[in-house]
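Data first, discussion second: the structure below is written as structure tokens.
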Amino acid sequence: MAELDAFTVLLAGLALAASVLFARTLYKVRKEHRHLHKKIQDKTASLEFQAQSLKSDFRELQESNNSKVDLDYMNKRIDALINLLHSK
């Protein structure tokens, strides 16, 4: 059986420590990524809801302005905004 010298033990210890640090860092990065991804999804959902509510606001605006606002044009613009949010 070959003898283990101090240098081999030191290298094995350093490799183990580097592996542990790498695993810990990878875990933190993945956790942060999941958190940011959830935050972006929530923000996108909020923006989509706000865009949908714009449609009803423009509908009310059109009714109050005696059809001076082109509702079809505004709906197309809002739909384009929603599609842009979904396209990522």
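The hydrophobic cluster of Phe49 has no other members, since no ILVMFWY side-chain heavy atom comes under 4.5 Å of it. The hydrophobic cluster around Leu10 extends to Leu14, counting ILVMFWY residues whose side-chain heavy atoms fall within less than 4.5 Å of a member. Under a 4.5 Å side-chain heavy-atom criterion applied to ILVMFWY residues, the cluster that includes Ile40 comprises that residue alone.
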Donor-acceptor pairs under 3.5 angstrom involving side-chain atoms of residues 15-29: please list them, not counting sequence neighbours.
{"from": "Ser19", "atom 1": "OG", "to": "Ala15", "atom 2": "O", "distance (Å)": "2.9"}
{"from": "Thr25", "atom 1": "OG1", "to": "Leu21", "atom 2": "O", "distance (Å)": "2.8"}

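Applying the salt bridge (charged side-chain N to carboxylate O under 4.0 Å, His left out) test to pairs two or more places apart or on separate chains, those with a residue in residues 32-48 are Lys38-Asp42.
For Asp57, there are no salt bridge (charged side-chain N to carboxylate O under 4.0 Å, His left out) partners, not counting sequence neighbours. Every residue two or more places apart in sequence or in another chain was checked for a side-chain contact (heavy atoms from CB on, under 4.5 Å) with Lys76, and none qualifies.
Expressed to the nearest 0.5 Å, how far CD1 of Ile82 lies from CD of Gln52 amounts to 3.5 Å.
Closest of all the heavy-atom pairs between Lys55 and Asn75 is CG-OD1, 3.3 Å.
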